[in-house]
Amino acid sequence: MRTLIKNGTVVTATETVEADVLVEDERVVLIGLSLEAEADRTIDAFGRYVMPGGIDPHTHMDLPFGGSFCSDDFATGTRAAAFGGTTTIVDFALQGTDEGLRPGLDLWLEKAEKAYTDFGLHMIVKRIDDQVLKEMDQLVGEGVTSFKLFMAYPGVFMLDDGSIFRAMQRAADSGALIMMHAENGGPIDVLVQQYLAEGKTDPMWHGRSRPSSMEGEAVHRVFKLAELAGTPAYIVHLSSRDALNAVREARDRGLPAFAETCPQYLYLSEDDMARPGFEGAKFVCSPPLRPADHQEDLWKGLQAGDLQLVATDHAPFNYVGQKDLGVGNFAKIPNGLPSVEDRFTLIFQGVHDGRISLSRFVELVATAPAKMFGLYPRKGTIAPGSDADIVVFDPNHERVLSAQTHHMNVDYSCFEGMKVRGLPELVMQRGRVLVENGQFHGSEGQGQFVRRSRFQEP
Ligand code: URP
Ligand code: ZN
Ligand code: ZN
C-alpha cells in the first residue's frame, strides 16, 4: 500500500519545507519536491502542515486512583488521542500493593490490548527492595525503560529519600530514566488535615494545601539525589515557577535535569479551582493549578529549553459520580484532568500567539518526547525509515473546545468554550488512516506495544 501526501508543508523539529511525502506500508520512504511516484492513494495537503504524530508520554488510562478508576480506558483514551493528533502514548503501569513489578506490567499490557494507537509503558514503583531493583533491570531489557517514583501521597505512593536514591543508583547502571512526582508529601498532608479540621473543605483548599514552595523544594531534592547517584532525572507535570527555577538551577550547573509541563498549567489557574459551588473539583489535580502569573514563566521555560516537552498527565474523572466523591472533603476528590485530545492543538496556539516556532512546536509535542523516552527515530519525526505516524493539520480551522464535541470519555472539558485555531484533519498511524475529516477509521487493538530503548538526551 502506497500513499502519497502531496502539496503540503512538512514540519519537523529542524525544518519546514514544501514537500511531498511517500508512505509505503507502515513507513515513510521518501520526502521530496513534486514526487511523481505511483500510489494507491494521493492525499492533497495543500494549505496544511504535514507533521509527525504527537507523542504524549504521560497518560493514565484505566488507572485506579483515589477510590475510582480513570474514566478513559485504552480504547476510548487512544481513540480520543488520535482525534487530537496524538498517535503514540506512554502510559504508566502500576506496581500492585505487596507485589513485585511483573504483575502490574502484565495487567497493563492486558488493559492496553484495546489500544487504537501505539503505546509504550513506564512503570510506577511504589516500593523498593532488592527484588524490585532486579526487576527494574529486567523491565529495561523488555522496553520499559523509565520508572515513576513519588515524593507525595504518604502511605500510598510516597517513597523515602533512601529508596529514591537506591532506585536512582540502579538507573545509573541500567540506563533507565527516573521520573519524579515532585511534591513534598509530608508537610502537604499536615496542611490537608489542618484545613479539613478547620472546616476548609472546598476544592480550592486542595491548591492551598500543596504550595508551590513544596514543589520547588522537592524538585531541588530530586536533582541533588540524582547528582549523587550519577543519573539523569525527569520531573513530571511541572506546574510552577518555583519548580522551574529548581530545574534551571540544576541545568545551569550542567546536570542532566529534565522536565515536562502540561497544557493545564499553561492555560488554567487556581481561579478555576475556586469556581463557585463544587465546580472547582473539575480542576483538581496534583500538583495543583497555580496563580495565573506562573503561566508566563512556564512558556518562557518552553522557549528557553529548560522545559523540554509538553505531556498531558491525562487522568480523567467524571464530574458526576467521580469528582463528587469529594463533596465536603477536597481530599477525597480524585486527582487528575482530561486533556489527551487537546494537547496538540492547545500547544499549537503558542505558534499562533508568537510564543514558539513551528519547529519548536513539533519538538515539544513529538520529537523531544520520542528522544527522551527511547522512541526516536522510529517515531517523533518524518524521515525515510520512520513510522508513518503523520498528522495533516489545518492551522486555521476555528473551533471551540467542548465536552459536547470531544471524544474523551468524561463528562466535562477543562477548556470548555475556549476558542482555538487548528484541527488534525487526517491522522495516520503506521500508514493507516485513523481519523479523516472527523470520521474514525481505527480498529480496536490495532495499536502496538513499542519497546523503548534506553534514555538518550534530547
Ligand atoms: O493529579 C494527578 N496528576 N493525577 C494523576 C496521577 C499523577 O500523579 O500523575
Ligand atoms: Zn504524578
Ligand atoms: Zn500522571
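Sequence positions, counted from 1, serve as the residue numbers for this chain. Whatever order the structure lists ligands and atoms in, that order sets their numbers, starting from 1.
The single protein non-hydrogen atom nearest to atom 3 (N) of ligand 1 is D313 OD2, 2.6 Å, given as residue, atom name and distance. Looking at atom 8 (O) of ligand 1, its nearest protein heavy atom turns out to be H181 ND1, 3.1 Å. Protein heavy atom nearest atom 6 (C) of ligand 1, with residue, atom name and distance: H60 NE2, 3.7 Å. Nearest protein heavy-atom contact of atom 1 (O) of ligand 1 is S286 N, 2.8 Å.
Aromatic ring centroids of H206 and F283 lie 6.0 Å or more apart. Ring centers of H237 and H181: under 6.0 Å apart, within the cut-off.
For a distance bound of 2.8 Å, the N, O or S atoms of V236 include none lying that close to the Zn ion (ligand 2). Residue side and main chain included, H60 places an N/O/S atom under 2.8 Å of the Zn ion (ligand 3).
Contact between L325 and G67 at its shortest, heavy atoms only, is CD1-O, 4.1 Å. In plain terms, the two heavy atoms of S212 and H294 that are nearest each other are OG-CE1, 4.0 Å.
When heavy-atom distances to ligand 1 are checked against a 4.0 Å cut-off, C285 comes that close through both its backbone and its side chain. When heavy-atom distances to ligand 1 are checked against a 4.0 Å cut-off, E183 has no atom that comes that close, whether in backbone or side chain. At a heavy-atom distance under 4.0 Å, atoms from both the backbone and the side chain of N335 approach ligand 1.
With respect to the Zn ion (ligand 3), H58 has NE2 as its nearest N, O or S atom. Within D313, the N, O or S atom lying nearest to the Zn ion (ligand 3) carries the name OD1. Nearest N/O/S atom of H181 with respect to the Zn ion (ligand 2) is recorded as ND1.
Between F83 and H407, the two ring planes are parallel [angle under 30°; tilted spans 30° to 60°]. Note: Y195 and W205 have tilted aromatic rings, judged against thresholds of 30 and 60 degrees for the angle between ring planes. In this structure, F65 and F317 have tilted ring planes: the angle between them lies in the 30° to 60° band.
Shown here is K200, whose NZ atom has more than 12 heavy atoms of other residues, nucleotides or ligands within 6.0 Å. Around the CG atom of D98, the shell of radius 6.0 Å holds no more than 12 heavy atoms that belong to other residues, nucleotides or ligands.
Residue F150 approaches ligand 1 through these ligand atoms, each under 4.0 Å from one of its heavy atoms: 8 (O). Short contacts between ligand 1 and A315, defined as distances under 4.0 Å to a heavy atom of the residue, involve ligand atoms 5 (C).
Taking only non-hydrogen atoms, the option from Q264, K148, M179, H314 nearest to atom 7 (C) of ligand 1 is K148.
Our summary of the site lists the angle at the Zn ion (ligand 2) between NZ of K148 and NE2 of H237 as 120°, to the nearest 10 degrees.
Remark: distances from the non-hydrogen atoms of F157 to ligand 1 are all 4.0 Å or more.
The closest side-chain heavy-atom distance from I178 to M180 is below 4.5 Å.
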